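Below is one structure, written out as structure tokens, with a few remarks after it.
This structure is a prediction, so every number in the text was calculated from the model and none was measured.
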Amino acid sequence: MITLTDDTGRLIWVSTARPGRTSEITACRHDKLTAHLRAVGLGAIADLGFVGLGDSGPDADPAVITGYKAAPTARSPAVRNCPTRRRSSTASRT
């Protein structure tokens with residue numbers, strides 16, 4: 001279940017109960033969380049599990065604010081081909 005409270009902890013909204021395998025962002029999309037927030041003029045601060053939930057266009061105020069996920073970094077060729085790395089070849093076992 002997802003709950004929304006105001007800054008003093010008063011309950012504003014409670015989602016419907018869903019199976020435990022349902023991710024939080026999926027539950028929020030099914031329950032139209034962002035529509036509930038916008039209807040009462042509120043926003044929410046959420047963790048990285050909610051990235052993309054509040055996307056509604058470049059000019060709209062976000063209903064849900066999250067951090068940013070780090071971009072994946074590729075290992076550099078110098079690290080991949082480093083001669084000091086152990087390799088599991090037969091030549092290194094002799």
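Note that CH2 of Trp13 and CD1 of Ile2 are 7.5 Å apart. Values are rounded to the nearest 0.5 Å.
Taking each heavy atom of Ser23 and Thr26 in turn, the nearest pair found is OG-OG1, 2.8 Å. Considering all non-hydrogen atoms of both residues, Ala44 and Leu37 come closest at CB-CD1, 4.0 Å. Taking both residues in full, the closest heavy atoms of Val64 and Ala46 are given as CG1-CB, 3.8 Å, listed atom of the first, atom of the second, then distance.
Asp31 places no side-chain N or O within 3.5 Å of a backbone atom of Leu33 that could act as its donor or acceptor partner.
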Determine whether Arg18 and Met1 satisfy the following criterion, side chain to side chain contact (heavy atoms under 4.5 Å, CB included), listing intermediate values before the conclusion.
CA-CA 7 Å; Arg18 299 199 180 274; Met1 294 179 72; over 6 Å; no

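Residue pairs meeting the salt bridge (Lys or Arg N to Asp or Glu O under 4.0 Å) criterion with at least one partner in residues 20-29, sequence neighbours excluded, are absent.
Take Ile12 and apply the side chain to side chain contact (heavy atoms under 4.5 Å, CB included) test, not counting sequence neighbours, and it matches Leu4, Asp6, Leu42.
Ile45 CD1: 12 or fewer foreign heavy atoms inside a 6.0 Å radius.
By the rule that hydrophobic residues join a cluster once side-chain heavy atoms approach within less than 4.5 Å of another member, Val14 and Phe50 end up as members of separate clusters.
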